[in-house]
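Working notes for the structure below.
Heavy-atom basis, side chains included; hydrogens, waters and symmetry copies ignored. Predicted, not measured: the structure shown is a model, and the values here were computed from it.
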Amino acid sequence: MPAARDDYMFRLVTQVNITLQYLREKLKDETAVIDVPGEVRAAVSLLLGPQRALLERLDHSSARQIVGNAEVVRTWSALMMLEADAEDQLGNQAVAATLRTRAVALSPQPSAN
């Protein structure tokens, strides 16, 4: 069963990364940027599933550990950065700063060799 779960996670991350690219393009349209934060949150919900609320309340290290998949965490972090960019464009600098701080902290740390 682990292979099936790995395959599912790969397909899910791929799907969410396609959405991420679409939303990056949408940021360039000043009239569409207002929709981006909500669409990002929907993508995060898809990515994290029912654990989303818990994971968002945890410190970054615990959240990374519970997710357990570096690609999922990397994608989650990228989504938060995108949401921060949208919030910046919408004039919500405090929200953007909070999102950026969390996204940077959440990013998987390079492994020590």
Residues in side chain to side chain donor-acceptor pair (under 3.5 Å) contact with Glu71, at least two apart in sequence or another chain: Arg74
By side chain to side chain donor-acceptor pair (under 3.5 Å), Arg102 pairs with (sequence neighbours left out) none
Checking Arg57 now: which residues fulfil salt bridge (Lys or Arg N to Asp or Glu O under 4.0 Å) with it, not counting sequence neighbours? none
Taken in chain and number order and not counting sequence neighbours, the residues that satisfy side chain to side chain contact (heavy atoms under 4.5 Å, CB included) with Ser61 are Asp59, Arg64
So which pairs with a foot in residues 8-23 pass salt bridge (charged side-chain N to carboxylate O under 4.0 Å, His left out), sequence neighbours left out? Asp7-Arg11
Residues forming a salt bridge (Lys or Arg N to Asp or Glu O under 4.0 Å) with Arg52, sequence neighbours excluded: Glu56
Sequence neighbours excluded, which residues qualify as side chain to side chain contact (heavy atoms under 4.5 Å, CB included) partners of Tyr22? Lys26, Glu39
In chain order, what residues pass the side chain to side chain donor-acceptor pair (under 3.5 Å) check against Asp88, with sequence neighbours excluded? Arg100
Going by the rule side chain to side chain donor-acceptor pair (under 3.5 Å), which residues pair with Thr19 if we only count those two or more places apart in sequence or in a different chain? none
Listed partners of Leu58 passing side chain to side chain contact (heavy atoms under 4.5 Å, CB included), at least two apart: Leu54, Leu55, Ser62, Ala63, Ile66
Listed partners of Ala86 passing side chain to side chain contact (heavy atoms under 4.5 Å, CB included), at least two apart: Leu27, Val33, Val36, Pro37
Under the salt bridge (Lys or Arg N to Asp or Glu O under 4.0 Å) rule, collect the residues that match up with Glu30, sequence neighbours excluded. none
